[in-house]
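Working notes, structure below.
Reminder, nothing fancy here: chain letters follow the sequence lines and each chain counts from 1.
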Amino acid sequence: MSVPPSPSKDFIRDIIDEDLASGKHDSTVTRFPPEPNGYLHIGHAKSICLNFGIAEEYGGRCHLRFDDTNPVKEDVEYVDSIKEDINWLGFDWGDHIYFASDYFEKLHEWAVYLIKEGKAYVDDQNADEIRKGRGNLQEPGTNSPFRDRSVEENLALFERMKNGEFGNGEKVLRARIDMAHPNLNMRDPVLYRILHEEHHRTGDKWCIYPMYDFTHGQSDALEFITHSLCTLEFENHRPLYEWFIENLPVPSTPRQIEFSRLNLNYTVMSKRKLLQLVEENHVSGWDDPRMPTISGIRRRGYPAKAIRNFCNTIGITKFQSVNDIALLENAVREVLNKEAPRYMAVLNPIKVVITNYPEGETEILESVINPEDPSLGNREIPFGREIYIERDDFMEDPPKKFFRLSPGVEVRLRSAYWIKCEEVVKDDTGEIIELHCTYDPATKSGQNPPDGRKVKATIHWVSATECAEAEVRLYDRLFMEEAPDKGEGSFLDHLNPDSLETLPNAKLETNLSGVEAGDTVQFERLGYFCADKDSTSEALLFNRTVGLRDSWAKAQKKG
RNA sequence: AACCUCAUGGUGUAACGGUAGCACAACAGAUUUUGGUUCUGUUUGUCAAGGUUCGAAUCCUUGUGAGGUUGCCA
């Protein structure tokens, strides 16, 4: 068992420690600031675990704040799913849920303040002209011809913008900073743009909306956020973030700190690409179990605890790393091994007739629910003359290292008896349709035979007369390339055609019919499986969460 | 030859001028009614070159490589 996955110190927590020690702050307030324009994914989970995790560790608090400054893209539908996902991950914002749109009034007031200070002006240039005036990475920008309007004129114009007297894009409010600044974000950034658009919370109250840069830091300050943690792409925005904090009468001075976003191999994370997967039907939806979305992961059966453990193991740095998906899967197995009750299921059944077992007779055998937690006790499994075993567990002509059933060979049936294969029954095409075996009554439930015989393997089975039918979906990684969005061509070129395999004919231990949607269990020797939300008692449906470690499969691959 | 940032085994992450450690992966073995779990062991690393220092992954200089930035997106 690896170290307890409590988060280790990182450079951000070091900064917080210093700020607390120096008396700069006496408590810690963080925030998670999603834009309600899409579904959360595992990358957001990293940020959520960081921000809410710090709040828990330091006895501070973490605000949930929706960064809803662009009504064209945003919708309440996303607000709800984001809240659900955060809750599912196990975090609670208490009363501290906020919306940037709640600050529109204050933000407008501060825009007027900047105008009065001579630090903002209304620009009549269109988007194209502004772009040209900004210069580029090598050359400085040039001042807008409207840069030196009087305070009165700016005030009047901005008021008219707010009153809806202009069309979209006709005018913007810009900060008056420095058109030659080496950081492009400081070259008179746009503060407000005109958008005659209904906002999901403020309705038609506003037709001018503040930009991200003019909103985020001030929202932080209004909420007395101490440490505003964001990803690396905002690094270049920090001087502007600080400029607003310095030049506006804000009630507190938050500090922006950037860290590297989560990257996972064999997957894509950008909202745009995830949307494309959904819209072009490469997956069944946002919550397709192959998607790296929180809802997809949940449907796949990954426990929230495993996600949190994973996030605590990967660390927080400024280095743009790519994490191995194996680490995530390890976290999932670690939790599920401890928590998932065990059952038997046969995915590709082949019938076995135990010829020396009395016809018409059945008996009840016991098996442990979870060997990791014996206090859970046992379950009862019916056994009889006809059973199903896994097709993969029989080979007519086995290689040397194959320990399972083959002609003349004896194996143990888990929690039942030893059986020996006596006869292989085939149809006209040569397909094996049935195995005839004999069993040894002296080997019941783990007993060893008195003559000292040994058996090399234990295989799983299900009673053929008393079992449940189910469809089982086997998921594999969605992409075959480690970095699907690198290199030429579309990331879609690297889609794994075998990422979903459907097995319609699985046979389950009857105890499984009581499992509820969302429950994750272990199918012994196969892996962890989660009852899908569409599963009903009439039509059971299971998703494979993750397979067990399989050293046999690994050995085979090596040849 | 713009500005900002980053660089430690295969992957990720520690070490805050003083023995380069941990997790995952890989490999080998032990245990095991799951080829699971658990346990033990092994392999592999400070981007390069200079400098400061008794001592450098750590500080300084230069170079190399990678990423971000030219939305009225966030």
Side-chain angles (χ1 to χ4, degrees), chain A residues 1-3 5 8-10 14 33-35 37 67-70 72-74 123 125-127 130-132 134-141 168-174 181-187 189-195 209 211-213 215-216 230-239 258 260 265 271 313-331 333 337-338 342 344 367-368 371-372 401-404 411-416 418 443 445-448 455-460 522-527 547-555:
Chain A
M1 184 66 18
S2 51
V3 258
S8 52
K9 287 288 179 192
D10 48 63
D14 286 344
E35 184 189 12
N37 72 340
D67 226 330
D68 54 350
T69 57
N70 186 357
V72 215
K73 292 186 170 178
E74 296 150 7
D123 196 339
Q125 296 182 108
N126 63 34
I130 288 180
R131 187 178 320 120
K132 285 198 179 100
R134 189 155 30 227
N136 57 41
L137 298 177
Q138 259 96 80
E139 294 159 22
N168 289 354
E170 276 186 43
K171 288 184 167 37
V172 291
L173 183 72
R174 298 178 74 179
H181 198 107
N183 183 330
L184 294 265
N185 291 122
M186 298 297 273
R187 319 242 261 227
V190 172
L191 269 29
Y192 267 89
R193 75 287 214 189
I194 299 170
L195 247 30
Y209 291 93
M211 299 289 290
Y212 164 84
D213 285 309
T215 307
H216 202 92
C230 61
T231 43
L232 253 24
E233 66 266 31
F234 293 101
E235 219 158 25
N236 291 312
H237 293 246
R238 189 173 357 113
E258 311 85 15
S260 176
N265 57 11
K271 276 184 188 174
T313 347
I314 55 176
I316 301 292
T317 64
K318 297 181 81 117
F319 177 60
Q320 299 194 22
S321 55
V322 181
N323 283 94
D324 196 334
I325 193 87
L327 195 58
L328 212 207
E329 293 180 345
N330 178 262
R333 287 195 189 101
N337 176 49
K338 286 272 180 269
R342 309 264 129 152
M344 287 197 282
S367 191
V368 65
E372 300 292 318
K401 288 283 191 54
F402 186 84
F403 301 147
R404 283 108 96 151
V411 294
R412 188 198 303 274
L413 294 177
R414 167 115 248 231
S415 304
W418 293 18
T443 58
S445 300
Q447 297 174 69
N448 291 320
V455 96
K456 279 188 137 168
T458 299
I459 65 173
H460 59 276
Q522 183 188 114
F523 289 174
E524 294 201 69
R525 300 209 311 130
L526 295 174
L548 254 27
R549 247 185 220 99
D550 190 345
S551 48
W552 165 242
K554 204 187 283 177

Base, sugar-phosphate, or nothing: which does [X] touch, judged by heavy atoms less than 4.0 Å apart?
| X | value |
| --- | --- |
| A/Thr317 | sugar-phosphate |
| A/Arg134 | sugar-phosphate |
| A/Leu327 | sugar-phosphate |
| A/Leu548 | base |
| A/Gln125 | base |
| A/Glu372 | base |
| A/Pro239 | nothing |
| A/Glu35 | sugar-phosphate |
| A/Arg404 | base |
| A/Thr69 | sugar-phosphate |
| A/Val322 | sugar-phosphate |
| A/Phe234 | base |
| A/Ala127 | base |

Using only modelled atom types and a 3.5 angstrom limit, is any donor from either the side chain of [X] or the base of [N] paired with an acceptor on the other?
| X | N | result |
| --- | --- | --- |
| A/Arg342 | B/U34 | yes |
| A/Gln138 | B/U70 | no |
| A/Asp14 | B/C16 | yes |
| A/Arg131 | B/G71 | no |

Inset, instruction - Would you say whether A/Phe403 stacks on B/G35? The test is a distance between ring centres of less than 5.5 Å and an angle between planes of less than 30°. - result: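 Base of B/G35: stacked against A/Phe403.
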Inset, instruction - Could you tell me whether a side-chain N or O of A/Thr443 sits under 3.5 Å from a main-chain N or O of A/Trp418, the two making a donor and an acceptor? - result: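 It does hold such a pair.
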Inset, instruction - Could you tell me whether A/Trp552 and A/Phe402 have their ring centroids closer than 6.0 angstrom? - result: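 So the answer is yes for these two rings.
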Which of the following nucleotides, [options], is nearest to the side chain of [X]?
| X | options | result |
| --- | --- | --- |
| A/Asn70 | B/C72, B/A2, B/C73 | B/C73 |
| A/Ala326 | B/U69, B/C24, B/C72 | B/C24 |
| A/His237 | B/U37, B/G35, B/A74 | B/A74 |
| A/Glu233 | B/G12, B/A25, B/G68 | B/G68 |

Inset, instruction - Write down the distance between CG (A/Asn236) and P (B/C6), rounded to a whole number of angstrom. - result: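 For the pair A/Asn236 CG and B/C6 P, the rounded distance is 12 Å.
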Legend entry - B/G50: syn or anti, per glycosidic angle within 90° of 0: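 That one's anti.
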Legend entry - Residue of the set A/Arg131, A/Arg174, A/Lys132 for which side-chain contact (heavy atoms from CB on, under 4.5 Å) holds with A/Gln125: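 Only one option passes, and that is A/Arg174.
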Legend entry - Heavy-atom pair with the smallest gap, counting every atom of A/Asp324 and A/Asn265: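 The pair with the smallest heavy-atom distance is OD1-ND2, 3.5 Å.
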Taking a pair as Watson-Crick or G-U wobble with both distances under 3.5 Å, which nucleotide is matched to [N]?
| N | result |
| --- | --- |
| B/G71 | none |
| B/U62 | B/A48 |
| B/G29 | B/C39 |

Inset, instruction - Give a yes-or-no answer on whether the side chains of A/Asn136 and A/Gln138 include a donor-acceptor pair shorter than 3.5 Å. - result: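 A/Asn136 vs A/Gln138: no donor-acceptor pair found between side chains.
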